[in-house]
Amino acid sequence: MAGKSSRARSRRVPQSSANSSEAAAAAAASAAEKSDESLKAEGNGVAAAAAAVAEEERSGDTAPEANGAKQAEGDVHLYPVSVRAQNGEKLELQLNPGDSVMDLRQFLLDAPETCYITCYDLMLHTKDGSVTRLEDYNEISEVADITSGGCSLEVAPALYDDRSIRAHVHRARELLSLSSLPTSLSTSLALQHEMPRSNSTEVAKADASDVDCLGFMENVTASLSNLTTSPDKYIKCVESIAFSSFNPPPSYRRLLGDLIYIDVSTLEGHKFCVTGTTKYFYVNSSTGNTLDPRQSKSAFESTTIIGLLQKISPKFKKAFREILEQKASAHPFENVQSLMTPNFWLGAYPLPDHKRDASRAEDALTLSYGSEVIGMQRDWNEELQCCREFPHTTHQESILRDRALYKVTSDFVNAAISGAIGVISRCIPPINPADPECFHMYVHNNIFFSFAVDGDLGQLPRNLASNLEVKVGSSLNELSEMASSNSFHETATDSNVGKFGSSNSDEAHSVGDATPEVPADLQLTDNEQATYASANNDLKGTKAYQEADVPGLYNLAMAIIDYRGHRVVAQSIIPGILQGDKSDSLLYGSVDNGKKICWSELFHSKVLEAAKRLHLKEHAVIDGSGNVVKLAAPVECKGIVGSDDRHYLLDLMRVTPRDANYTGPGSRFCVLRPELITAFFLAEAADRSKDIAKHDAEISNSSSIVKDDQVLNPSEDSVHSDSQGSNGEVDAKVAHDCDSASAENGEVVKETFLNPNVFTEFKLAGSEEEIAADEESVRKVSLYLKEVVLPKFVKDLCTLEVSPMDGHTLTEALHAHGINVRYIGKVAVMTRHLPHIWDLCVIEMIVRSAKHMVKEILRESPDHDLAPAISHFFNCFFGDVQALGMKGTARTQRKDLAGLLPSSKSSKGHVRGKSGASERKSQCSYMNINSSVLWSDIYEFAKFKYQFELPADSQLRVRKVPAIRNFCQKVGITIAARKYDLNVEAPFQTSDILNLQPVVKHSVPVCLEAKDLVETGKARLAEGMLSEAYSLFSEAFSILQQVTGPMHREIANCCRYLAMVLYHAGDLAGALLQQHKELIINERCVGLDHPDTAHSYGNMALFYHGLNQTELALRHMSRALLLLGLSCGPDHPEVALTYINVAMMYQDIGKMDVALRYLQEALKKNERLLGEEHIQTAVCYHALAIAFNCMGAFKLSLQHETKTYDILVKQLGEEDQRTRDSQNWIKTFKMRDLQVNAQKQKGQAANATSTQKAIDILKAHPNLMQAFQAVAAGGAGNSGASVNKSLGSAMMGESLPRGRGVDERAARAVAEARKKAAARGLLVRPHGVPVQALPPFTQLLNIINSGMAQEAQSNVQSEEPKNEANGHAEKDKGDGKENGSAAPAKEDQTPVGLGAGLSTLDTKKQKMKAKAAA
């Protein structure tokens, strides 16, 4: 619904107000279009069609998704249809016959003219005079043919009922609150830039100077308040709109059509009582406490509440018009709400006033927790399974199916979040109140809720455990088997109690890193980890089977909600499971941990089909009775037939095999990631295909089949022993190509699948050789992870092909490579030479360890202690709290407290208990924790979980702001956005803790077709095929727009890649529009301070700079640097890259001193973080060479470019194009240096006599010498100087040695020494050491020589070298930013200025001159 509505909305752009920020970009682009034409010609053959589409994008007349559909299908056309609303407004729509009526309704709900009309019928008038009422679930083509033209739509009022009239009032309230929605900062900046020149210039200068502040990243807390965007000016339309206390209508008024009474207070101070009937709203005559249903004398009435308010209140009418104008002027995406908004860890500071709002109070006090207040509750399972049964043979059918699945699953997740909050808040009663509270289960809104609890029942009373055993097998426990990840039933037997006990005390967490003596509290934490991991694995397994998409095999909707220290698993309900009418419904798998395994031929055939797609092997298992059962899934999975006769597969904790690197019982749920399995088989398939192709080339076409078999089989066996193979589909193709090798080849293909039950307690059937082969195949995948994937990942980190910015992006990068987070300790060890990655890994391990500590505190704390407990934990974590509690006994008390509880780490009983729990809570156990206790636990947990020894000084070395941000995001905490002094003992106060929000993991499906299109488009973009890449990205955008709507992260990715294609094609204005879309989506969907949002601001700045709007670009760069400082801190290659971009911008506006400072900082960061011979270091040297070239210091340019060349030769070789480009730059700088020296020698010869005479005069007059010294000292601090002061000693003359070039770090120290000396009134030597007032003669020579050098430079330099350097460096710097950060698909990142040869210099010179003329 949301997807197509946005498409229709963009079709209607000419009718609505133009987006001011897009208009600003388009206006700026018009000045640069002519100079960009040559760039388009260089765009590697962008097709004219793509250019035309880009032009349409820029003008906003045609939606990119519609164009993508045209390219994809060729038969999508839009036809004009007029709409006449009931309020007299007329609209013109562009519709497609395939659009549904629901799409049409959603569009009318978003259009300003009809946004407040909710209850109506759509009547279609055709040109032959017939009138047809459109049903909601029909497509337009099913009703009438709009292609012939002459069709119009009428919005006819419909009758209200109780449900629709309440929805109508809620919609009116929502519209009146739209003015409080914050807009993107980028939009605000663009609007400010359109202000009158006098004002905008001052603002731009102020913001530009703010960017010129290298030290602000060291104290990011001072800028936290700048991160939260304040909403636009609130437009107040009415004092209040509330349901009247006259409700419900008396029975005699119900018979006359009264549905609801509403009290309205207008801005004029009048109070009205409004009656809502089945037909319309009117003002009744009620006064005081008595209802008078008669219509008032004014006789105001309207079919909508908004229409009635416009009649009775002139101020309302004016203010509401302002709201609609504001909505129309905003970017269309800013008016779209995200289905699942991210948690933000910063809240407004100072706190806004909490004002009376009757509407808000009514909504909050309903306590519906996600369920419908009126009407039947949604049957989530039926909706989901019906959507999966939609046909999807054609392209359009697939889109409709994916769209329905996405919408239903998103709604389920939102309902599950609300229900989980109700469960944890004890507002929803359990369905099994007689069981222990840790095993309580809940059903609310047709969703089943259970806690991810620790399964160790050994600490429970013996008789209670036996009572629990008896209950296994009932329909209620079938439900718990379905929804509590089997933890209840797996541990309800004596054997399993012993098993878990041994896993806690006798087994190490890892085979390779045994820790025989594990503290008791960490043993409990290990149980919690296993339980949490089982829930995570179940969710991953559910996703895997959903993507396998086998007809007839169904899974449940699932979400995991972490809130207040608890983990709640929410699932849809299998039909009939609550009624117990399917006691024998288990047809597949086991409910008693393998003692009895059920099996069904029909069920097995469906599971086997899914297993082939998931690379799982059909294998035999022996149950407790000695029966051999063939399975194609984990033993503990459960195949159940619901009362709807659908086959459901549940408890999918081990869809992938167990990690052979972690095989202890304590590591039961340490399984391999699906991404690793896919990568492994793809690598095997590639090797096998290469091998087959090689032998096919060696064998002549006349060879016999037998001879061919003799050659092929040994080669395969030599490359792939036993079970190593590839993707099942690829293997099938290979087997088909080589079907002559029937027997042996068939075995090889069969053994390419993995047995999920190896390395488990289950007994496998078959020969020892077969079992050993299955184990060996899993070991090979685990070895592939350890010896291939991990080193490859570290290599990608070194080359910056993968560049995580914070803990979240680091986790995403690990998962994308198939690496589990438990390997993060090994990654840290392997990346000690990369300080920024090592810091990221250490912070992630510290935060994850602290997260498990704070969960216990949150579970134990009552509601009134939550804020004090969290603030105290923050102070212990990020401060140095030692006074509270007794330091020597705090740890012992904490252990004793844990020992009091039967399952203290995950049991919920102690929180919800009565007397005993309240006694323990009264002790305020969180007060027993201090900094030393907490950090000691963190050290032990990290060593136990990640096998990594945290440095002893981690508490002092950790970057606190990124750690606070990471911790808040993982736990769901919101703190006040104020300046914190993190160097004091207790930096946080109770008032700083603003909110505690749920953290959610879900199984919302992704559109695989669009994902494949994006991956193909990235490959085409890397190859330089811009036209094909644009078509692919546009088609993916079109599909995703229809499936998910505009507010989705994948849509943002498409916009980013479309912007890149347009940028490389030379269409900067079109790129800017697409980048603005990505920025808005990222801010709404991933967060205001997500690294992707920072990249969006950086790219926006590059595009604005390309459009000659450098001041606006610098303001975007300032925002990008702030976000980078929050997410990764100042020490990261991305910060250095941003510094280079900022330097290029300052260079282009003539602030060379600022540009050189940024370049020096970037060079220092890259040398420290990446090494002196990294390609990014060469980028910095080249950028410095270009900057010195602009200043006419060609000798320094030559020195820096020589360093660039030396690095590129070592890294890329002499034949690489970038190396040859650097060599050409060296030749250019040499030639220009010779020219300058020749001119200087002529000037020195002419002025040698006068210079010597001046020196003699100064020797004879010391007072005059002192005056020169004062001038020199004052000039050194002058911000308007044309040379960078930190490089002044190198630029003053020939007296300094220049053999090894300029040491930027030493030059920085010189600048600091000069600054301090000037403040004390001292002079400085060229080497930066303060001296007293006796001046050396060299300083006078430096002054005179520098003046001569500048004069000679002004005589010889021309616009040509500056323009060449600026244009070349800026264009290629943009490429570096795009390719290095936003597009990791492009493997070889082009250094700044090294993307093209010198043959393009003349062209670039003409472009820059044209820009200057414009």
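Hydrogens, waters and symmetry mates are skipped; everything else that's a heavy atom, side chains included, is used.
- Considering every non-hydrogen atom in both Leu672 and Arg822, the closest pair reads N-NH2, 4.4 Å.
- Closest approach of Phe669 to Asn537, counting heavy atoms only: O-ND2, 2.9 Å.
- Considering only heavy atoms from C-beta on, Val423 stays 4.5 Å or farther from His444 through its side chain.
- Pairs passing the salt bridge (Lys or Arg N to Asp or Glu O under 4.0 Å) check and including a residue from residues 408-417, sequence neighbours excluded, read Arg378-Asp411, Lys407-Asp411.
- With Asn757 as the partner, the side-chain hydrogen bond (donor to acceptor under 3.5 Å, both in side chains) test is satisfied by one option alone out of Glu636, Arg654, Lys763, Arg658: Arg654.
- When side chains are defined from C-beta on, Tyr545 counts as touching Leu553, because their heavy atoms get closer than 4.5 Å.
- Scanning for side-chain contact (heavy atoms from CB on, under 4.5 Å) contacts around Ser600 gives Leu587, Leu602, Phe603, with sequence neighbours left out.
- Side-chain contact between Ile1039 and Cys1007 is present, with at least one heavy-atom pair separated by less than 4.5 Å.
- Remark: Gln1042 CD to Ile399 CD1 distance equals 4.5 Å, nearest 0.5 Å.
- The two residues Trp380 and Asn446 come nearest to each other via the heavy atoms CD1-O, 3.6 Å.
- Salt-bridge annotation for Arg613 and Glu609: present, with a side-chain N of the basic residue lying under 4.0 Å from a carboxylate O of the acidic one.
- Counting all heavy atoms, side chain and backbone alike, Leu400 lies closest to Phe390 at O-CD2, 4.5 Å.
- Side-chain contact check for Cys598 versus Tyr588: every heavy-atom pair is 4.5 Å or farther apart.
- Here CG of Asn593 is found 9.5 Å from OG1 of Thr760. Values are rounded to the nearest 0.5 Å.
- Once rounded to the nearest 0.5 Å, the distance linking CD1 of Ile597 with NZ of Lys595 reads 12.5 Å.
- Judged by distance alone, with hydrogens and angles left aside, the side-chain atoms of Thr656 form no donor-acceptor pair with the main-chain N or O of Pro674 at under 3.5 Å.
- Put simply, the side chain of Met558 reaches to within 4.5 Å of the side chain of Val569, judged on heavy atoms.
- Rounding to the nearest 0.5 Å gives a distance of 5.5 Å between CD1 of Ile424 and CZ of Phe451.
- Using a 4.5 Å cut-off on side-chain heavy atoms (C-beta onward), Leu405 and Leu384 make contact.
- Looking at Tyr648 and Asn381, their side chains do bring a donor and an acceptor atom within 3.5 Å of each other.
- Lys543 places a side-chain N or O within 3.5 Å of a backbone atom of His1002 that can act as its donor or acceptor partner.
- Ile771 pairs by the side-chain contact (heavy atoms from CB on, under 4.5 Å) definition with Leu764, Glu775, not counting sequence neighbours.
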Between Thr542 and Leu556, does a side chain to side chain contact (heavy atoms under 4.5 Å, CB included) hold up when you go through it step by step?
CA-CA 8 Å; Thr542 300; Leu556 302 177; over 6 Å; no
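- Taking the centre of each ring, His615 and Phe680 stay at or above the 6.0 Å mark.
- In terms of the side-chain contact (heavy atoms from CB on, under 4.5 Å) criterion, residue partners of Ala620 (sequence neighbours excluded) are, by chain and number, Val628, Ala765.
- Considering CG of Asn820 and CG of Leu676, their distance stands at 8.0 Å, rounded to 0.5 Å.
- Across all their heavy atoms, Cys427 and Pro429 have their closest contact at O-CD, 4.0 Å.
- Glu382 is linked by a side-chain contact (heavy atoms from CB on, under 4.5 Å) to Asp379, Cys386, Asp644, Arg646, counting only residues two or more places apart in sequence or in another chain.
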List the steps, then state whether side chain to side chain contact (heavy atoms under 4.5 Å, CB included) holds for Leu754 with Lys617.
CA-CA 5 Å; Leu754 302 176; Lys617 178 185 177 182; 5.8 Å; no
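- Listed for the Trp599 side chain is no donor-acceptor partner under 3.5 Å among the backbone atoms of Leu631.
- By the salt bridge (charged side-chain N to carboxylate O under 4.0 Å, His left out) test, Asp562 pairs with Arg567, sequence neighbours left out.
- His619 and Asp774 share no side-chain donor-acceptor pair at under 3.5 Å.
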Does the pair Asn555 and Arg388 meet the rule for a side chain to side chain contact (heavy atoms under 4.5 Å, CB included), with working shown?
CA-CA 10 Å; Asn555 303 102; Arg388 286 182 181 153; 4.0 Å; yes
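- Remark: the backbone N or O of Gly594 is not paired with any side-chain donor or acceptor of Asp623 at under 3.5 angstrom.
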Tell me, with the steps shown, if Lys1011 and Glu547 meet salt bridge (Lys or Arg N to Asp or Glu O under 4.0 Å).
CA-CA 13 Å; Lys1011 187 177 179 181; Glu547 293 180 2; 5.8 Å; no
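- Results of the side-chain hydrogen bond (donor to acceptor under 3.5 Å, both in side chains) test with Tyr554 over Lys606, Glu389, Gln546 single out Glu389 as the only residue that passes.
- With hydrogens and angles left out, the side-chain atoms of His395 and Glu1009 include a donor and acceptor closer than 3.5 Å.
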Given Val443 and Phe448, is the side chain to side chain contact (heavy atoms under 4.5 Å, CB included) satisfied, shown in steps?
CA-CA 5 Å; Val443 174; Phe448 176 83; 4.0 Å; yes
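- In this structure, Glu1050 CD and Thr1044 OG1 are separated by 8.5 Å, a value rounded to the nearest 0.5 Å.
- When every heavy atom of Val607 is checked against every heavy atom of Ala632, the shortest pair comes out as CG1-O, 3.8 Å.
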